[in-house]
Amino acid sequence: MAKIKKKIKTITVDADKCNGCRSCELICSAFHATPKYSSINPARARIQVIRYPMKDIWLPIFAGEYAPAECMGREKYLIDEKQYDECDFCRAACPARDRFKEPDSGLPLRCDMCEDEPPQEKPLCVQWCFSDVLIYEEREEEVEEAEEVDEAEIGLKSLVDKHGLNKLAETFARMTQKG
Amino acid sequence: MRYAETGYYLEIDLATGNIEKVESDPRLTELHLGGLGTNVKLFWDRVPPETKAFDPENLFIISSPLLVGTPAMSFNRTCVTTISPQTDLLAYPMMGGFWAAELKYAGYDKVIFRNKSPKLVYIWINNDKVEIRDASHLKGKGAVETREIIKEELNEPNACVAAIGLAGENRCFLASIEQGRSSASRLGGGAVMGDKNIKAIAVRGTKDLNLARGAEFIEHVNRAQDYIKYRNANPIPGVMTILAGIGSPQEMVHTDERWHTENFMWGNSRLRRRGFWDERIGEEWPRIQLEAIKRLISCYNCPQHCGALISFRDTPRYKMKCFTKMTYAMAAYVDELEFNFRIAQRATEYGVDGFGTPQILAFAVELYEAGILTDKDFEGCPKDKEGRFYWLLDRMVRREGIGDLMADGLYWMAKRLGPEAEALEHNTIKKHEQLPLKLGTLDPIYYLMYTTNEKISITQIEGNWPQGAFPTREMREEFVRDWPQLPDDHFKQYLLDWNPRGENSIPFFPTPYMCSEIVDWMEMLHNIDDALGLCCGMGSFCLKPPYHIHNYPLLVSAALGMDIDEAGLKKIVNRSRNLHRAYNNMKGMSRKDEKPPADHWKRRFPELEEELLSTYYKYKGWNNDGIPTKERLHELDLDYVAEELTKRGILKDGED
C-alpha cells in the first residue's frame, strides 16, 4: 500500500485544569448542527466531560471509533487517589451505554476535529476552552494509505450490527417505497 | 418553531399529582422576554396579592431564563420566583450552576408548582418523562447529600439536582436551594419549596435548543468572548482587587482579605475590626484557604473560576463561593479560618443563606449578652464561641427553642422579642438582612439602590458605576477613556467631575437627578440579566463587563429572530420592572418601606434623602408614594395594571 503524508491532529487534555464549565460540549453540538450553530444539545457533543464533582473528577473525553460489542471485561483506574469508574476513559460508542450516541436515533458519534471548509484554526472545543485544558497540536506523519470511512457508513454499520443486515434492508426498502 | 426558549412550561399540581406540559404564549416573550420578566407576569395573572407565602395558592416557579443554554457564555442562571415568607413581597432568589440549562435541554422554560404535596417528594424530569417520587428516605438529609443520593438512585450521574436541606424542610426564612456550586439563598425560596414538600428537583435533558439566526448569534458571542479574554488579562487599576476583574467576586481565588475583614461590620453588624489582618492572620488565612480548595470551578458555559470544591481535612466535601469563606468566622469573632470551612460545610448541608445566617447567629449571642435572651434559652449551649455558633445553627434549622425565633430572620426575631430586641436589630431593609456594612457619609447612589429595588439586596443592584470617586483627575480620565458599556456618553462627565471629597463629592454630588439616571441604568441592567439569565458578574454587577446595553439587543435579536433595538429592550424590561413594582404595591409596599437601616451611614441628610427619593420616583414615572403612574403604565402597555391599581384605591383618579 502506498505511503502518504498525513496530518496528525492531537488534543492534549490537561484535566486538572478543567473548571467543569462544559463549554466544549455546548459548542461542539452547535458546530455540528445543521445548519451550523442552529441548535445546541450537549448530549450530541463529540466531547463529553465525565464528571463526578465530589470525587474531584472532571474528565473531557472525545468520541472515538464505534464499537459493535461491549468489552469482555471492565477496568477501574485509580489515579492520584481518585477512582475512575469502568468505561470512563473509553472513547467508543458501544452497546453498553448511551455516551457518544445521537440521543434520538442512537447512531454513534465520532470526533472529526471540526473538519470544515475553510478549515478552522483549531477544533471548536479547543477554541472555547479558556482554562487551557485542551491543547491542540498538528504534525505530519508518513502513513500507509487507508480508505476513509464516512459518517453515514459508520452509522449504517452500527445499525447492521444492532438489527442485522436483513432487517435493515427490509426497512430501507419499505421506507424507499413509501417515498 | 420557538427559538432560544423551548415554548413549554411544566405545570405541576402537588396536591393532585397532576403534571401537564403546556405550550406558553409567544406573545409573553415579546412583552416580557423570559426568566424574571415572564415569572412576574405569571404571578400578576394567577396569584392574588392577598396570597401569603405558605398559602397553597402561592406559586413556586423555578425557571430557565431566555438565553440560558445558548452558546452565549455565562448565561446560566436559574430564576426562582415566589412570595417571600419574610417580606410578603414577590421575591426572585437566583442561582448559577447547571440546572437551568439542563431544564432547557429537557424541553421546558419553567416548572410551575402550585398547591402542596401531602408528603415529602422529589421531582424527576427526564425529557418528556416527569415523575413525582417519594422522598421520605431523604427527610432530614443534607442538600449535598440529597443530590448525591438522588443521582445514585436514578443511576444518572449527569442529572442536575436542586435540593433543600433541613432548613428548607422546616420552613426557615433563610433556607436556600442548593445546586451545583450555587444556591438561591435570599428571601426564603427554600422555605416555600419546603412548605410545598418538595425536597429536590432533578432534571436531565437531551433535546435540541434552537437559535433563529445561529451563525449571526455566534459572531456576537465571539466578540463578547474576545472582551472576556481582554478583561481577564487587563484588570482595572485603582480599585480594590475584587472589583478589578469580571465574574462574581473571585473570593476563591483571592486570599488577601484585609479589606473585607477590616471594613465590614462583624458580629451582628456591630464591630469594625481595624487591624485584624495582622502578620499571623495574613499568613494563616491564605494558607488555610489554599489547603481547603481542591479545585476552582465554574457554572455552566462560563470561563471564570468563581466557585470551589472544598475538601478540608476530615470535613465532608462541599462547594463554596463568594464570602461564605469568612462570614461565619467573622460573625462569631473566631479568628481561625479553619472554623469557617467546617461550619460552612454544615450550613451548606442544612441549606441556609451564608450572608444572613451568620448575622442571625451573632444576633442571638448579642441578645444573650444583653440579657434579652436568658440562660434558659441557652440551656445546653457550649460556652466557647465556635460551639455556640454550631449549637445555634442546629437550633435554627430545626426551629427548636430560640431557633424558632431565629429561623424567621433578624426582623421577625426582634419583633417577637419586643422593643429592646428591636433596638438592637439594625441591619434589615423591608424585613430582609443586608450586607454587614456601616459607613460614614450618606452615599446618594447607594441610598437609592438600597431603598428602592425589588431584589432588596445591594449586591444585586449595584455594579457598572464605580463604588467611589477616583482620587485623581488622571485616574478618572483613564477610566472613562475606554468605556463602551455606557448607555450614553454624558455619564463620563459625571464621573470626571466626581471628587472623593470637597466640592462635587457625596452626599450632594452626583446630584439627585444624576443619581436617578445612574441608578435607573444599573437597575435596568440587572433586570435584563434576570430576564435573560446572565450571571450579573458578567453584566450588571461588575465594572466594564463583556455584556451591556449595546450588545444585549444583538444577542436577543439573533437568538429569537425578532429584531429588538436598545429602546425596545429597555421598554420590555421597564414593563416587567413596573409590573413587579405594581404587584408589590398591591401587597402594601410603598414609600414608607423604602428606608435603609437608621445607622447605615453615620452622617445622614434627611432633606436630601427625601429629595433623592422624590427625584428618583419622578424619573421612574412613579408618584410620590412610589406607585407607577397611569401615564407610565400606559407607555408600557400596562393599562390593565393601572385599572387594577385604581380599582384597589392604590392609584387615585387625577392624582398622577
Side-chain angles (χ1 to χ4, degrees), chain A residues 15-45 48-59 80-82 84-85 87-88 97-99 101-106 120-121 124-125 127-133, chain B residues 1 3-4 69-74 76 98 101-102 104-105 127 144-145 147-148 151 156-158 180-181 204-219 221-222 225 228-229 232 294-309 311 316-319 558:
Chain A
D16 281 346
K17 287 185 182 165
C18 183
N19 69 349
C21 75
R22 298 170 56 206
S23 296
C24 52
E25 295 180 7
L26 184 154
I27 195 60
C28 175
S29 72
F31 178 80
H32 289 95
T34 309
K36 206 174 277 179
Y37 304 119
S38 61
S39 69
I40 304 100
N41 182 354
R44 291 188 198 279
Q48 300 277 333
V49 181
I50 312 305
R51 47 194 192 275
Y52 304 99
M54 303 317 275
K55 291 187 349 189
D56 188 34
I57 291 175
W58 281 269
L59 179 67
D80 287 341
E81 298 173 2
K82 291 187 266 192
Y84 292 81
D85 276 10
C87 310
D88 278 348
R97 60 183 190 180
D98 291 334
R99 191 183 303 155
K101 288 177 185 166
E102 290 281 6
D104 33 21
S105 65
Q120 293 284 333
E121 189 192 333
L124 268 286
C125 57
Q127 292 184 40
W128 277 55
C129 180
F130 285 27
S131 299
D132 298 329
V133 179
Chain B
M1 188 187 282
Y3 298 106
T70 72
M73 279 187 160
S74 313
N76 51 40
F98 295 78
E102 201 69 27
K104 282 268 182 92
Y105 302 140
N127 293 322
V144 180
E145 205 182 354
R147 188 164 67 207
E148 296 306 306
K151 287 200 286 188
E156 185 47 89
N158 290 337
R181 45 125 286 188
R204 173 69 179 143
T206 59
K207 294 187 178 190
D208 294 349
L209 180 66
N210 299 302
L211 293 172
R213 304 196 296 256
E216 179 189 322
F217 189 84
I218 285 288
E219 280 178 29
V221 171
N222 286 339
Q225 286 182 336
I228 291 170
K229 286 179 186 163
N232 279 340
K294 188 76 180 165
R295 182 188 295 244
L296 296 170
I297 53 177
S298 75
C299 297
Y300 184 62
N301 191 27
C302 181
Q304 304 302 94
H305 299 82
C306 313
L309 173 66
S311 180
R317 286 181 176 178
Y318 65 108
K319 294 176 188 165

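Values in this document were obtained by computation on a predicted structure and should not be read as measured data. Note on naming: letters A, B, ... go to the chains in the order of the sequence lines (proteins, then strands), and numbering restarts at 1 for each one.
- When heavy atoms are compared at a cutoff of 4.5 Å, B:Tyr300 approaches chain A by way of both its backbone and its side chain.
- Defined by atom type and a distance below 3.5 Å, a donor-acceptor pair is present between the side-chain atoms of B:Gln304 and B:Asn232.
- For chain A, no part of B:Glu219 is nearby; none of its heavy atoms comes within less than 4.5 Å.
- Ranked by non-hydrogen atom pairs under 4.5 Å with chain B, the options A:Lys17, A:Arg51, A:Lys36 are led by A:Arg51.
- For B:Arg181, no part sits under 4.5 Å from any heavy atom of chain A, backbone or side chain.
- Taking the charged nitrogens against the carboxylate oxygens, A:Lys82 and A:Asp88 have no contact shorter than 4.0 Å, which rules out a salt bridge.
- For B:Asn158, the parts sitting under 4.5 Å from any heavy atom of chain A are the backbone and the side chain alike.
- B:Phe217 does not touch chain A: none of its heavy atoms, backbone or side chain, sits under 4.5 Å away.
- Both the backbone and the side chain of A:Ile40 come within less than 4.5 Å of a heavy atom of chain B.
- For the options A:Ser131, A:Gly20, A:Cys21, heavy-atom pairs under 4.5 Å to chain B are most numerous at A:Cys21.
- Using a 4.5 Å cut-off between heavy atoms, B:Gln225 contacts chain A through both its backbone and its side chain.
- In this structure, A:Ser39 OG and B:Lys207 NZ are separated by 13.5 Å, a value rounded to the nearest 0.5 Å.
- Only the backbone of B:Leu296 comes within contact range of chain A, with heavy atoms under 4.5 Å apart.
- Contact annotation for A:Cys18: both backbone and side-chain heavy atoms come within less than 4.5 Å of a heavy atom of chain B.
- No part of A:Asp104 comes within reach of chain B, as not one of its non-hydrogen atoms sits under 4.5 angstrom from that chain.
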